[in-house]
Peer 1: 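Next up is a structure, given as structure tokens.
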Amino acid sequence: MPTISRISEFQDELVAIRHDLHAHPELGFEESRTAALVAKKLREWGLDEVHTEIAGTGVVGIIKGQGDGGCIGLRADMDALPIHEATDLPYASQHAGKMHACGHDGHTTILLGAARYLAESRNFAGTVVVIFQPAEEGLGGARRMLADRLFERFPCDEVYGLHNDPGSEPDQVTITPGPAMAGATFFDITIHGVGSHAAMPHQSRDPIIIATELVQQLQAVVSRNAPPTSPLVLSVTQVHAGSAYNVIPDSATVSGTVRYFEDELCEAVHERMRRICKGLALSHDVRIEIDLRNIFSVLVNDADCASAYIDAAADIVGKENARLVDRRVTGSEDFADMLQVIPGAYCWVGHAGSIPLHNPSYVLDDGILPVGASIMARMVERRLAVASQ
């Protein structure tokens, strides 16, 4: 794979780091070991500053280039998923029920590789801020870093991130300018009915019957409340009720997500969900509580930053493999919250893995490590180019 030659020289060390991280996955806001390893490597490689415990387990490193210039942020996520690994890899997870099934071990290693190269070469004018973020997987790690004054403490003019893509060929890099990934609301709806003996259901106000009716009504929200041209996804992913064969329970809970690209449409869907719950509560004489939590903002790539990022990627993988595309992804990514504060862009980098993300058999192709690190490093070198003498 095409890479910056110096990064290729320490590729084996990057692979070893990635395998170590993969074997020791940590969930969101629990990334203590990961953060310690990251901070240790950044100090060994001579970064000018290393800051820890940002938003609990976040790490930030500072690299100063040649003289005055702008400041670019590079970000990677560090957390694993609550999934039991099924890969049989020699470096498989040593912690049951935890796995790097989204490749964040690779993203962390990629940014470490870029940081090492940039600290050695200093072939840029200005400053680079490397941001190792905790808790991307739905726990609000980006928002916690922002609340911890991330960009007040470490001002950046622009910020860039990336994600591995097992659905694309190796070396394929894509960016969607503008809205690129969906925002997301997570919801829990609890129906408080009246329980009874299963043999005497007439004495109950059965929350399971109401839950099944609720799920059916929710499935019509998108098709009957959203324009066909506006992408929107509402998925019920959990239904919890009861614990015995002969007992109608007191309560039932229905949970899921709403994915959207327009804030106004999302709020309209929220209101429709509230009205459905209110109507069901009235018609069945029960109490229904609905909890709607916005977890992810819409990820919007700045057009100028996206073009600059794809040009940097083209230097590494070739123009034929680096493309701006019109392809919205209904998955969500909390880097979106950083992009609401600082302009920047987020790219997808293909690799030789074939199993989808968030799958217990997912395997990240190590060949992506020097490619991703080279793209991030080249982005800095182009965007903060040293003036010709």
Side-chain angles (χ1 to χ4, degrees), residues 1 7 10-42 45 52 56-59 61 74-116 130-139 141-142 161-167 170 331 333-335 346-376:
M1 288 185 177
I7 293 177
F10 54 75
Q11 177 176 350
D12 289 346
E13 185 174 349
L14 294 181
V15 171
I17 291 170
R18 209 279 289 184
H19 289 187
D20 178 76
L21 292 174
H22 190 88
H24 301 92
E26 297 172 301
L27 302 181
F29 295 122
E30 299 175 3
E31 307 97 336
S32 299
R33 182 185 186 278
T34 303
L37 185 152
V38 166
K40 179 175 181 288
K41 290 298 180 182
L42 296 180
W45 295 333
T52 61
T57 50
V59 180
L74 302 175
R75 172 268 195 184
D77 36 21
M78 301 189 294
D79 56 323
L81 284 159
I83 292 176
H84 189 79
E85 184 162 351
T87 64
D88 293 325
L89 291 167
Y91 53 90
S93 172
Q94 296 179 16
H95 305 299
K98 300 178 183 180
M99 178 191 175
H100 273 294
C102 198
H104 294 186
D105 53 338
H107 303 165
T108 296
T109 306
I110 284 169
L111 185 51
L112 282 172
R116 177 175 178 174
V130 289
I131 303 164
F132 295 85
Q133 180 206 305
E136 188 279 328
E137 296 287 358
L139 296 177
L162 59 73
H163 204 292
N164 76 93
D165 184 5
E333 159 64 60
D334 80 352
F335 184 57
Y346 188 79
C347 74
W348 291 85
V349 183
H351 61 88
S354 59
I355 306 298
L357 303 169
H358 292 216
N359 185 295
S361 298
Y362 165 83
V363 177
L364 178 75
D365 168 28
D366 285 323
I368 195 178
L369 303 178
V371 176
S374 295
I375 291 170
M376 283 189 146

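All values below were derived from every heavy atom in this structure, side-chain atoms included, with hydrogens, water molecules and symmetry-related copies excluded. In this chain, numbering begins with 1 at the start of the sequence shown.
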Peer 1: With rounding to the nearest 0.5 angstrom, report the OG1 to CZ distance, T109 to R116.
Peer 2: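 Between atom OG1 of T109 and atom CZ of R116 there are 13.0 Å.
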Peer 1: Locate the shortest heavy-atom distance separating E333 from D77; write the atom from each residue and the value.
Peer 2: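 Shortest heavy-atom contact: OE1-OD2, 4.0 Å.
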Peer 1: Is any side-chain heavy atom of V349 closer than 4.5 Å to a side-chain heavy atom of N164?
Peer 2: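 Side-chain contact under 4.5 Å: no.
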Peer 1: Measuring from atom NZ of K40 to atom OG1 of T52, what distance do you get when rounded to the nearest 0.5 angstrom?
Peer 2: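 Here the rounded value is 15.0 Å.
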Peer 1: Once rounded to the nearest 0.5 Å, what's the spacing between atom CZ of F10 and atom CG of L369?
Peer 2: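 F10 CZ to L369 CG: 11.0 Å, rounded to 0.5 Å.
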Peer 1: For A352 versus P170, what's the shortest heavy-atom pair and its separation?
Peer 2: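 Smallest interatomic distance, heavy atoms only, reads N-CG, 3.7 Å.
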Peer 1: Looking at H22 and P25, what are the two nearest heavy atoms and their distance?
Peer 2: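 Smallest heavy-atom distance, with atoms named: O-CD, 3.4 Å.
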Peer 1: Please determine if R75 and D334 form a salt bridge, counting it only when a charged side-chain N lies under 4.0 Å from a carboxylate O.
Peer 2: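 Judged by the 4.0 Å cut-off on N to carboxylate O distance, R75 and D334 do form a salt bridge.
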Peer 1: Side chains of E85 and H95: is there a donor and an acceptor less than 3.5 Å apart?
Peer 2: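 Per modelled atom types, E85 and H95 side chains form no pair under 3.5 Å.
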Peer 1: Does a donor on one side chain sit under 3.5 Å from an acceptor on the other, for H19 and D105?
Peer 2: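 No donor-acceptor contact under 3.5 Å links the two side chains.
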Peer 1: Should K41 and E13 count as an ion pair when the cut-off is N to O under 4.0 Å?
Peer 2: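 Looking at E13 together with K41, the answer is yes, because their closest N to O distance falls below 4.0 Å.
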Peer 1: Is any side-chain heavy atom of H351 less than 4.5 Å from a side-chain heavy atom of P166?
Peer 2: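 A side-chain contact under 4.5 Å exists here.
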Peer 1: Can you sort out the partners of F132 under ring pair (Phe, Tyr, Trp, His ring centres under 6.0 Å), two or more places apart, ordered by chain and number?
Peer 2: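 Testing F132 for ring pair (Phe, Tyr, Trp, His ring centres under 6.0 Å), a comparison that skips the adjacent residues, returns none.
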Peer 1: Ignoring hydrogens and geometry, is there a side-chain-to-backbone donor-acceptor pair from E31 to F29 under 3.5 Å?
Peer 2: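 Confirmed, E31 side chain pairs with F29 backbone.
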Peer 1: Suppose we screen for ring pair (Phe, Tyr, Trp, His ring centres under 6.0 Å). Which residues come up paired with H163, at least two apart in sequence or across chains?
Peer 2: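 By the ring pair (Phe, Tyr, Trp, His ring centres under 6.0 Å) rule, H163 matches H107, W348.
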Peer 1: Give the C-alpha distance, both sets of side-chain angles, the deciding distance and a yes or no for side-chain contact (heavy atoms from CB on, under 4.5 Å) between H358 and E137.
Peer 2: CA-CA 11 Å; H358 292 216; E137 296 287 358; 3.4 Å; yes
Peer 1: Taking the side chain as every heavy atom from C-beta outward, state whether I110 and L162 have any atom pair closer than 4.5 Å.
Peer 2: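 A side-chain contact exists here, since the closest heavy-atom pair is under 4.5 Å.
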Peer 1: For E26 and T34, indicate whether the former's side chain and the latter's backbone hold a donor-acceptor pair under 3.5 Å.
Peer 2: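 Pair found, side chain donor or acceptor close to backbone of T34.
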Peer 1: How long is the straight-line distance from CG of D365 back to OG of S354, given to the nearest 0.5 Å?
Peer 2: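 Going from OG on S354 over to CG on D365, the span is 10.5 Å.
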Peer 1: Would you confirm whether R33, through its side chain, and L21, through its main-chain N or O, come within 3.5 Å as a donor-acceptor pair?
Peer 2: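 Checking the backbone N and O of L21 against the side chain of R33, no donor-acceptor pair under 3.5 Å is found.
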Peer 1: Measure from the side-chain N and O atoms of H104 to the backbone N and O of D79, and report whether any donor-acceptor pair falls under 3.5 Å.
Peer 2: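 Such a contact is found between H104 side chain and D79 backbone.
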Peer 1: Would you say I7 and Q11 make side-chain contact, with heavy atoms under 4.5 Å?
Peer 2: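 I7 does not reach Q11 side chain to side chain.
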Peer 1: How far does OG of S374 sit from CD1 of I368, to the nearest 0.5 angstrom?
Peer 2: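 Answer rounded to 0.5 Å: 11.5 Å.
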Peer 1: Using a 4.5 Å cut-off on heavy atoms from C-beta on, say whether the side chain of P82 contacts that of L27.
Peer 2: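 Heavy-atom side-chain distance check passes, below 4.5 Å.
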Peer 1: Could you give me the CA-CA distance, side-chain angles and deciding distance for E136 and F335, then say whether side-chain contact (heavy atoms from CB on, under 4.5 Å) is met?
Peer 2: CA-CA 8 Å; E136 188 279 328; F335 184 57; over 6 Å; no
Peer 1: Shortest non-hydrogen contact from G367 to P370?
Peer 2: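 Looks like O-CD, 3.5 Å.
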Peer 1: Which atom names give the shortest non-hydrogen contact between L112 and W45, and what distance separates them?
Peer 2: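 It is O-CZ3, 3.4 Å.
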Peer 1: Would you indicate whether the side-chain heavy atoms of I131 and L74 approach each other to under 4.5 Å?
Peer 2: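 When only atoms from C-beta onward are counted, I131 and L74 do not touch, as no gap falls below 4.5 Å.
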Peer 1: With Y362 as reference, evaluate L81, L357, T87 under the side chain to side chain contact (heavy atoms under 4.5 Å, CB included) test and give the passing residue.
Peer 2: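 Testing each of L81, L357, T87 against Y362, the sole residue satisfying side chain to side chain contact (heavy atoms under 4.5 Å, CB included) is L357.
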Peer 1: Taking the side chain as every heavy atom from C-beta outward, state whether K98 and I83 have any pair of such atoms under 4.5 Å apart.
Peer 2: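 K98 does not reach I83 side chain to side chain.
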Peer 1: Just jot down the salt bridge (charged side-chain N to carboxylate O under 4.0 Å, His left out) partners of D165, sequence neighbours excluded, or say none.
Peer 2: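 With sequence neighbours excluded, D165 shows a salt bridge (charged side-chain N to carboxylate O under 4.0 Å, His left out) to no residue whatsoever.
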Peer 1: List the steps and the verdict of side-chain contact (heavy atoms from CB on, under 4.5 Å) for V363 and I355.
Peer 2: CA-CA 7 Å; V363 177; I355 306 298; 5.6 Å; no
Peer 1: Between M376 and A114, what is the shortest heavy-atom contact and its length?
Peer 2: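 Smallest interatomic distance, heavy atoms only, reads CB-CB, 4.0 Å.
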